[in-house]
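A short write-up of the structure that comes next.
Each ligand, and each atom within it, is numbered from 1 in the order the structure gives.
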Amino acid sequence: MKNDIELATKFSHMGRPPAGLGTAVSHPVTRASTLLFEKAEDLYRNDIRGYGRHGTVVHDALAELFTELEGGVGTLLYPSGVAALTGPILSVVKPGDHILLTDSAYGPTRYFCQTFLKHMGVETTLFAPDIGADIADLIKETTSLILLESPGSLTFEIHDIPAIVKAAKARDVTTLIDNTWSAGISLSPLQMGVDISVHAATKYFGGHSDVMYGAAVFANQSHLKKARNTAKQLGNASSPDDAYQILRGFRSVIPRFRQQEATALALAEWLMTKREVQQVLHPAVKDHPDHALWKRDFTGGGCLFSVVLQPLSEDDVLKFIDRLQLFGIGYSYGGFESLAIHCDPQLRRHCANDLPGPLVRFACGLESMSDLKLDIEQALAAVF
Ligand SMILES: Cc1ncc(COP(=O)(O)O)c(C=O)c1O
């Protein structure tokens with residue numbers, strides 16, 4: 001089990017240059033496409049960086065921190081969270097394969113599987129997020145990959161990860177999880193046997209809503225090697241400036257995460273008591289259907305959750321969102337500022353396709369919890 005204090009210490013001290021006479025605390029950003037060599041014989045060496053696309057010392061430091069966070073064998077960095085999902089997926093699948101995807105997946109992941117992979121000759125079967133050990137029944141001879149996300153996007157279902165991993169390992173199927181919600185701070189999927197853990201680092205690690213980034217952390221060398229090769233062929237390089245911003249965010253991610261997590265949980269528990277709210281979709285809330293699984297596998301929550309409001313007209317749902325003053329209207333989460341969106345997961349087949357009212361997702365930032373509460377209170381009063 002992870003220890004916040006140990007991690008916070010490591011994130012303060014790892015990935016820094018050695019102290020000298022007046023050296024900066026952090027590595028400088030080096031912008032480069034061409035790297036120069038003194039001798040022609042060094043141009044084709046495999047043991048040194050040869051070109052800008054191969055990263056910089058800042059990229060190396062950032063990858064080292066992600067590997068430490070997840071307890072993996074290595075990390076690959078990508079220019080966005082989506083690229084950190086699609087790159088490793090492409091390194092595992094080939095035409096003729098079959099993959100299993102949770103029905104609660106982030107929309108663009110689903111779209112990628114159902115369009116790009118389909119055109120490539122890869123078949124996708126959606127599974128219910130609560131499938132557990134029964135996933136064994138969906139594994140075919142051609143199944144190469146199971147794509148997990150826990151909690152699920154928008155509706156926050158929790159998987160029984162150990163049961164799914166056990167079924168996958170029995171049939172030599174790779175597992176990949178989108179671990180963005182937990183930041184790898186409140187869930188350690190590689191320690192539960194998952195092969196690849198992916199982060200949209202755009203969220204908590206960026207922390208300031210001004211940089212796109214992604215990371216995939218690998219539990220074993222064979223997946224890492226294949227994904228590195230794919231990333232190389234796809235030209236998946238990321239800017240050193242962006243890598244620097246994410247490394248900077250890493251230094252303070254634990255206290256920010258813990259404050260945002262506490263705010264989200266307090267708001268979720270308060271919203272449970274409101275007559276205007278039918279359901280609170282947050283796995284750390286006691287009457288959530290997957291609360292027991294969450295308690296078993298997670299050490300905390302995230303900053304993001306949803307509520308199902310009492311029935312409202314479409315206009316009133318928009319009015320509710322518009323009336324919020326402290327929650328910006330925008331996608332994403334993990335930044336210092338709170339956000340809210342109305343959303344509709346109805347295209348799903350195995351979960352959340354019969355919600356009894358409008359769904360609103362809140363991302364909690366670093367504002368005071370009581371101010372956020374007052375803000376929601378006044379917006380609810382405007383429509384109910
Ligand atoms: C769960 C999840 N995974 C992946 C992504 C994609 O990350 P990015 O926006 O950095 O491409 C997001 C973005 O919202 C997300 O919420």
Side-chain angles (χ1 to χ4, degrees), residues 62 66 70 75-90 101-113 116 129 147-159 161 176-187 189 194 196-217 231 234 236-239 241-243 245-247 249-250 253 257 260-261 264 281-283 298 301-306 328-335 337-345 348 351-352 359-365:
L62 179 57
F66 270 113
E70 289 271 13
T75 296
L76 297 179
L77 302 172
Y78 296 85
S80 70
V82 165
L85 287 160
T86 56
I89 292 172
L90 286 171
L101 169 67
T102 176
D103 202 13
S104 54
Y106 174 59
T109 307
R110 184 187 185 105
Y111 186 66
F112 175 74
C113 294
F116 193 102
L147 291 172
L148 305 167
E149 192 177 322
S150 191
S153 272
L154 307 180
T155 44
F156 302 92
E157 300 87 348
I158 299 285
H159 298 311
I161 297 173
L176 179 153
I177 191 165
D178 184 330
N179 195 19
T180 302
W181 186 81
S182 93
I185 295 172
S186 60
L187 181 73
V194 175
I196 307 167
S197 178
V198 172
H199 292 272
T202 307
K203 318 294 178 198
Y204 301 103
F205 297 95
H208 297 75
S209 308
D210 55 2
V211 57
M212 308 290 304
Y213 215 76
V217 191
L234 295 177
N236 255 322
S238 65
S239 142
D241 294 287
D242 292 347
Q245 294 301 337
I246 301 296
L247 182 55
F250 227 118
V253 72
F257 180 87
Q260 288 171 263
E261 166 198 53
L281 308 180
H282 188 317
F298 288 70
C303 71
L304 193 71
F305 69 98
S306 294
I329 305 170
Y331 299 113
S332 206
Y333 60 98
E337 84 298 8
S338 294
L339 298 167
I341 55 169
H342 58 293
C343 38
D344 181 5
R348 293 182 184 171
C351 63
L359 188 67
V360 173
R361 189 185 77 173
F362 295 107
C364 300

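Near D178, the atoms of ligand 1 lying under 4.0 angstrom from a non-hydrogen atom of the residue are 1 (C), 2 (C), 3 (N), 4 (C). Counting the atoms of ligand 1 from 1 in the order shown, those under 4.0 Å from a heavy atom of E149 are 1 (C). Atoms of ligand 1 found under 4.0 Å from any heavy atom of T180 (numbered from 1 in listed order, with element): 3 (N).
Atom-to-atom distance recorded for T109:OG1 and L148:CG is 11.5 Å, nearest 0.5 angstrom. Expressed to the nearest 0.5 Å, how far CG of L304 lies from CD of Q260 amounts to 10.5 Å.
Here Y333 has side-chain heavy atoms under 4.0 Å from ligand 1, and that is the only part of it that gets that close. Looking at V82 against ligand 1, both its backbone and its side chain come within 4.0 Å, counting heavy atoms.
A tilted orientation is assigned to the rings of F250 and F205, their planes being inclined by 30° to 60°. Ring orientation note: the planes of W181 and F298 are nearly perpendicular, at an angle over 60° on the 30°/60° scale.
For the pair R110/D103, a side-chain contact is recorded, criterion being any heavy-atom separation below 4.5 Å from C-beta on. Counting heavy atoms from C-beta on, the side chains of I89 and F112 come closer than 4.5 Å.
For the pair K203 and ligand 1, the shortest N or O to N or O distance falls below 3.5 Å. Taking any N or O of G81, backbone or side chain, at least one lies under 3.5 Å from an N or O belonging to ligand 1. Considering backbone and side-chain atoms together, S332 places no N or O closer than 3.5 Å to any N or O of ligand 1.
In terms of protein heavy-atom proximity, atom 9 (O) of ligand 1 is closest to M212 CE, 3.4 Å. The protein atom (non-hydrogen) at minimum distance from atom 10 (O) of ligand 1 is T202 OG1, 2.5 Å.
Under a 4.0 angstrom heavy-atom cut-off, Y106 registers as being in contact with ligand 1.
The residue from A200, A84, A105, S80 that puts a heavy atom closest to atom 7 (O) of ligand 1 is A200.
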- [ ] Please step through side-chain hydrogen bond (donor to acceptor under 3.5 Å, both in side chains) for the pair E337 and S209, ending with a clear verdict.
- [x] CA-CA 8 Å; E337 84 298 8; S209 308; 3.0 Å; yes
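A donor-acceptor pair is defined here as one N or O able to donate and one able to accept, closer than 3.5 Å; such a pair exists between the side chain of S150 and the backbone of H159.
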